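The structure presented is a predicted model; accordingly, all values stated were derived computationally and were not measured. Proteins get letters first, then strands, A, B, ... in listed order; numbering begins at 1 in each.
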Amino acid sequence: MKSEIKNQILDVLKKHIPEVSQIEDKIVIEIPKDEKLGDFSTNIAFLLTKIIKKPPVQIAGQIKDILENLPTFSKVEVAGAGFLNFFLSDNFYHSILHKAVNEGDRFGEQREKNKGKINIEFVSANPTGPLHLGHGRGAVVGKILSEIYSYTGYKVEREFYINDAGNQIRKLGESIYARFRQIEEPDYPFPEDGYHGDYIKDIAKELYLLEREKILSMLSEDDAVEFCANYGKNYLLDKIKEDLKLIDVEFDIWYSEKHLYEHGKVEEAIKFLKEKDMIYEKDGALWLKTTIYGDDKDRVIRKSDGSYTYFAGDIAYHFDKYRRGYDFIINIWGSDHHGYFPRLKAAVMSFGVPEDWIKVLFIQLVKLFKNGQEVKMSKRSGDFITLRELVEEVGKDPVIYFFASKDSDTHLNFDIDIALEKSSENPVFYVQYAHARISSVFREAKERFGIDLETDFTSQLQLLKEDAEKSIMKYIAAIPDLINEAALKNQPHKITGITYELASRFHKYYNTHKFLIEDDKELMMARLYLLKAVKNVLRTLFKIMGITPVERM
RNA sequence: GCGCCCGUAGCUCAGCUGGAUAGAGCAACGGACUUCUAAUCCGUAGGUCGCACGUUCGAAUCGUGCCGGGCGCACCA
C-alpha cells in the first residue's frame with residue numbers, strides 16, 4: 001500500500017517539480033507514531049532542500065498545494081520543520097476492511113506475485129540426539145521467515161540438511177553399540193567421547209529386542225557399529241520430525257549429506273571449481289582459494305589422508321542449491337557458527353553468484369529461567385533441556401511466541417514462570433484473548449440476533465467514526481506493508497509485535513464500546529463487520545506463526 | 001591478538017538503510033466489572049539510548065576510538 005501511495009505522489013509531483021526524480025530512491029513514506037500527524041508522512045521536502053536551496057517548510061507548502069486535491073487524501077498538512085502529513089480518505093479504509101473480511105486468514109497475501117524462488121535452510125540439527133532449545137528457536141524463526149516470504153510472493157522451499165555422513169554419526173553408532181553390548185556385558189567399554197544421553201539406551205534396548213541375533217552374528221564390529229549408526233540416525237530423525245511437529249514446523253526438502261558423497265556430488269563441485277582455477281594442492285591436501293573472496297585464509301577441502309573435510313561436503317551441498325536455480329538462499333545457523341560464514345560465502349561466490357545470493361541469519365543462545373534462576377540441565381535426563389520438555393511444560397503457543405518475539409540475533413531469556421502465567425504478563429494470552437473475545441461477541445450475536453461469522457452481511461461502514469475504530473482500520477491497512485518489510489529485512493520477530501499492536505488496539509476498543517446494540521442495528525452491523533475484519537487479520541498473523549486461534553479462554 | 005554480535009527505564013526487550021517530545025510489557029502506585037469474557041482497559045511515576053569525538057539542517061540510528069558482556073578463530077563436524 002505504501003508503494004502505491006508513493007507512486008501516486010511521485011507521478012503527480014514530477015510534473016511540477018522535476019528535481020524530484022533525483023531523490024526518488026531516498027524518499028521515505030512512513031506512518032507517524034502519533035495519529036494526529038496523519039496517516040502517512042514523508043521527508044520529501046527535506047531531501048529537496050539541498051537541490052532547490054529553499055527552506056524545507058517553503059518547499060513542503062508548495063508540495064501541499066499540488067497534492068491536496070488528489071481523491072486518495074482527505075487532507076494534506078505541513079508540520080514541524082517541513083514534514084508533509086497525509087490523511088487518507090474514508091473510502092480508502094473501507095475498501096481495506098472489505099479485503100480483510102473477504103480474504104479470511106490470508107489477508108494481504110501476494111502469493112500470486114511470483115517474485116521468484118528461494119530456499120530457506122534451517123534447524124539442520126545433527127541426527128544424534130533430540131532437539132534442544134536453540135534448535136527450537138531456529139525452527140520457529142525459519143518457519144516464520146518462510147511464511148512471510150511466501151506471503152510477499154516468493155516461492156519458498158524449506159530445507160533441512162541432514163548431517164549423516166561424518167564422524168559424529170560414527171560416534172552415534174559406537175555409543176549405541178556399546179549400550180547394546182552392555183545389556184549382556186555391563187562392563188563393555190563405552191567410547192570416551194560417546195553420546196551419554198538416556199535416549200541412546202532406549203535405542204539400544206529397541207535394537208536388542210528387534211535385531212539381537214542379526215547384530216551379534218555380524219562378522220566385524222565395524223559392520224555392527226554401522227548398522228547401529230544407521231538405525232539410530234533414522235530413529236532420531238523420526239524423533240526430530242515429531243519434535244518439530246510439536247511447534248508446527250514442517251519441511252519441503254530433507255537433504256542428506258551422505259547422498260552428496262554417494263552420488264559423486266563432491267567430486268562434481270571440485271571439478272567445477274578446478275576449472276575456475278579456485279583449487280590448488282599443498283602439503284598433500286587440496287585447498288580452496290577462499291581468500292580471493294575475503295576469507296582470512298585458504299581452506300582445506302581434501303585432507304592429506306585423502307578424506308574430505310566437512311567444508312567440502314558443504315560446498316557440494318551449496319553447489320547443488322546453486323544449480324537448483326534459486327534467486328537467493330537463506331541459511332539459519334547457531335551464532336557459534338558465524339566464523340564459518342566467510343569461507344562458505346567465498347566458496348559460493350566462486351560459483352559466480354553475487355555476494356547477496358546467500359544470506360545467513362544467526363540465532364543467539366536461549367537461556368532458560370525458572371524462579372529467577374537459570375536452569376541449565378534437565379532434571380529428568382540429567383542432560384540439556386530438550387525442546388520437547390519445554391513444550392510439554394509450558395505448551396506450544398508460548399514456546400512459539402517467545403522464540404519468535406525477539407530479534408534472532410540477540411540473546412533470549414526464556415522465563416518459564418511467565419510462559420506459564422495466565423495473565424497480563426503473558427503476551428501470548430493477550431493476543432489470543434483478543435481473538436477469543438471476538439469469537440465470544442459473535443457467539444452472543446448469533447444467540448440474540450442470529451448473526452454469525454458465516455453470515456454474509458454488508459453494512460454502512462461510514463458509521464465507523466470513532467477514534468478507536470479508525471485506529472484499527474488504519475493499522476489493518478498498514479499490516480501487509482509491515483509484513484513485507486519484516487520479510488525484506490529478514491526480521492521475522494516483527495510479526496509478534498504487529499500481532500500485539502493489533503490486539504492492543506482491539507482491546508482498547510472493546511473496553512470503551514459496545515457491539516451488540518439493540519436499538520441501532522445499523523451501527524451494530526458496521527461494528528460487527530469491523531470485528532470480523534480484525535478476527536481475520538489476527539488469524540492471518542497466527543497462521544504465519546503457528547499460534548492457535550482459540551475460540552474461548 | 002583478529003573477527004562477528006550485543007550494551008536503550010529497576011527487569012525483559014522494541015525502535016537502528018538519520019527525521020518530529022526515545023516506546024511497550026513486567027515490576028511500583030492510583031482508578032474502571034448490575035454490561036458482548038477484567039487473561040482487559042485508563043492514569044501516575046520511571047531514561048546521561050555504555051563513554052568520547054566526528055559526519056550535518058538533524059544522531060539511539062552512520063563513522064572512528066575506548067569500556068563492558070557473549071561467541072568464534074582446525075587437514076572437527
Exercise. In whole angstrom, what separates A:His507's NE2 from B:rG25's P?
Worked result: 12 Å
For this session: Look at the side-chain N and O atoms of A:Arg437 and state whether any lies under 4.0 Å from the OP1 or OP2 oxygen of B:rA38.
Result: yes
Exercise. When all nucleic acid strands are considered with a 4.0 Å heavy-atom cut-off, which category describes A:Ala445: base, sugar-phosphate, or nothing?
Worked result: nothing
Exercise. Phosphate oxygens OP1/OP2 of B:rU12: is one of them under 4.0 Å from a side-chain N or O of A:Lys406?
Worked result: no
For this session: For A:Tyr308 and for A:His338, find the nucleotide of RNA chain B with the closest heavy atom, then tell me which residue's nucleotide is more 5'.
Result: A:His338
Exercise. Between B:rG69 and B:rC51, how far is it from one C1' atom to the other, in whole Å?
Worked result: 16 Å
For this session: Looking at every strand, decide which applies to A:His435 at a 4.0 Å heavy-atom threshold: base, sugar-phosphate, or nothing.
Result: nothing
For this session: Quick one: label A:Gln364 by what it contacts on the DNA or RNA (base, sugar-phosphate, nothing), any heavy atom closer than 4.0 Å.
Result: sugar-phosphate
Problem set entry | A:Tyr510 side chain, from C-beta outward: closest of B:rC75, B:rC16, B:rA38 | B:rA38
Exercise. Whom does B:rG58 pair with, Watson-Crick or G-U wobble, provided both distances fall under 3.5 Å?
Worked result: none
Exercise. If you draw a 6.0 Å radius around CD in A:Glu551, do more than 12 non-hydrogen atoms from other residues or ligands fall strictly inside?
Worked result: yes
Exercise. Is the shortest distance from a Lys or Arg side-chain nitrogen in A:Glu159 or A:Lys321 to a carboxylate oxygen in the other one below 4.0 Å?
Worked result: no
Exercise. In Watson-Crick or G-U wobble terms, both distances under 3.5 Å, what is the partner of B:rU12?
Worked result: B:rA24
For this session: Select base, sugar-phosphate, or nothing to describe what A:Lys514 touches, counting heavy atoms under 4.0 Å on all strands.
Result: base
Problem set entry | B:rC62 glycosidic torsion: syn (within 90° of 0) vs anti | anti
Problem set entry | Short side-chain N/O contact to B:rC41 OP1/OP2 from A:Tyr430, under 4.0 Å | yes
For this session: Give A:His411 one of three labels, base, sugar-phosphate or nothing, depending on what nucleic acid heavy atoms sit under 4.0 Å from its own.
Result: sugar-phosphate
For this session: Determine the Euclidean distance between corresponding C1' atoms of B:rG19 and B:rC53; express it in Å to zero decimal places.
Result: 23 Å
Exercise. If only side-chain N and O atoms of A:Tyr310 are considered, is one of them under 4.0 Å from the OP1 or OP2 phosphate oxygen of B:rA77?
Worked result: no
Problem set entry | N or O in side chain of A:Lys303 less than 4.0 angstrom from B:rC76 OP1/OP2 | yes
For this session: Tell whether A:Ser335 reaches the base of B:rC5 with its side chain through a donor-acceptor pair below 3.5 angstrom.
Result: no
For this session: For A:Asp407, report the nucleic acid contact type (base, sugar-phosphate, nothing); a contact means any heavy atom under 4.0 Å.
Result: sugar-phosphate
For this session: Please report, rounded to the nearest Å, how far the P atom of B:rG72 is from the NZ atom of A:Lys345.
Result: 21 Å
Exercise. Looking only at atom P, what distance separates B:rG63 and B:rU17, rounded to whole Å?
Worked result: 11 Å
Problem set entry | Side chain of A:Thr410 - closest among B:rU17, B:rC75, B:rC13 | B:rC13
Exercise. If you look at every strand shown and take non-hydrogen atoms under 4.0 Å, does A:Lys367 touch a base, only sugar-phosphate, or nothing?
Worked result: nothing
Exercise. Distance between the P atoms of B:rG47 and B:rC42, in whole angstroms?
Worked result: 23 Å
Exercise. Going by the angle between their ring planes, with limits at 30° and 60°, are A:Phe73 and A:Phe86 parallel, tilted or perpendicular?
Worked result: tilted
Problem set entry | Separation between the C1' atoms of B:rC66 and B:rU56, rounded to whole Å | 24 Å
For this session: Would you mind reading off the distance between A:Tyr509 atom OH and B:rC36 atom C1', rounded to a whole angstrom?
Result: 12 Å
For this session: Send over the distance from A:His337 NE2 to B:rC76 C1', rounded to a whole Å.
Result: 10 Å
For this session: Tell me what A:Gly166 touches on the nucleic acid: a base, only sugar-phosphate, or nothing, going by heavy atoms under 4.0 Å.
Result: sugar-phosphate
Exercise. What is the distance from NZ of A:Lys508 to P of B:rG25, rounded to the nearest Å?
Worked result: 9 Å
Problem set entry | Ring geometry between A:Tyr161 and A:Tyr255 (parallel below 30°, tilted from 30 to 60°, perpendicular above 60°) | tilted
Problem set entry | Counter-base of B:rC75, judged by Watson-Crick or G-U geometry with both distances under 3.5 Å | none
Seminar exercise, completed: note: A:Ile44, atom CD1; B:rG19, atom C1'; distance rounded to Å ~ 14 Å
For this session: Would you please classify the geometry between the A:Tyr340 ring and the A:Trp333 ring as parallel, tilted or perpendicular, with 30° and 60° separating the classes?
Result: tilted
Exercise. Around A:Glu501, counting heavy atoms of other residues, nucleotides and ligands shown, do more than 12 lie under 6.0 Å from its CD?
Worked result: yes
For this session: Check every strand shown and say whether A:Phe362 touches a base, only sugar-phosphate, or nothing at a heavy-atom separation below 4.0 Å.
Result: nothing
For this session: For atom CD of A:Glu447, decide whether the heavy atoms of other residues, nucleotides or ligands shown that lie under 6.0 angstrom number more than 12.
Result: no
For this session: Assess the pair A:Tyr401 and A:Tyr430: is the distance between their ring centroids shorter than 6.0 Å?
Result: no
Exercise. Atom CZ of A:Phe506 to atom P of B:rA39: distance rounded to whole Å?
Worked result: 13 Å
Problem set entry | Nearest-Å distance for atom pair CD1/P, residues A:Ile59 and B:rC57 | 14 Å
For this session: Scan A:Arg302 against the nucleic acid and name what it touches under 4.0 Å (heavy atoms): base, sugar-phosphate only, or nothing.
Result: nothing
Exercise. Watson-Crick or G-U wobble partner for B:rG30, using a 3.5 Å limit on both distances?
Worked result: B:rC42
Exercise. With nearest nucleotides of RNA chain B determined for A:Glu444 and A:Asn163 from heavy-atom distances, which residue corresponds to the more 5′ nucleotide?
Worked result: A:Glu444
Problem set entry | N/O donor-acceptor pair, side chain A:Asn85 with base B:rA20, under 3.5 angstrom | yes
For this session: Identify which nucleotide among B:rC36, B:rC16, B:rU40 has an atom closest to any side-chain atom of A:Asn511, counting heavy atoms from C-beta outward.
Result: B:rU40
Exercise. Counting side-chain heavy atoms from CB outward, which of B:rG25, B:rC75, B:rC71 is closest to A:Asp336?
Worked result: B:rC71
Problem set entry | For B:rC66, the Watson-Crick or wobble counterpart (both distances under 3.5 Å) | B:rG50
Exercise. For A:Tyr280, is the NZ or CZ atom of A:Lys289 found under 6.0 angstrom from the centre of its six-membered ring and inside 45 degrees of the ring axis?
Worked result: no
Exercise. Which value, in whole Å, describes the distance between the P atoms of nucleotides B:rA24 and B:rG43?
Worked result: 10 Å
For this session: Remember a base hit wins even if backbone is also touched, and classify A:His493 as base, sugar-phosphate or nothing at under 4.0 Å, heavy atoms.
Result: sugar-phosphate
Exercise. Within a radius of less than 6.0 Å around NZ of A:Lys115, do more than 12 heavy atoms belonging to other residues, nucleotides or ligands occur?
Worked result: yes
Seminar exercise, completed: Using Watson-Crick geometry (N1-N3 plus N6-O4 or O6-N4) or G-U wobble (N1-O2, O6-N3), each under 3.5 Å, B:rG18 is paired with none
For this session: Using the C1' atom on both, measure B:rC26 against B:rA14 and round to a whole Å.
Result: 14 Å
Exercise. Using atom C1' of each nucleotide, how far apart are B:rU55 and B:rG3 to the nearest Å?
Worked result: 26 Å
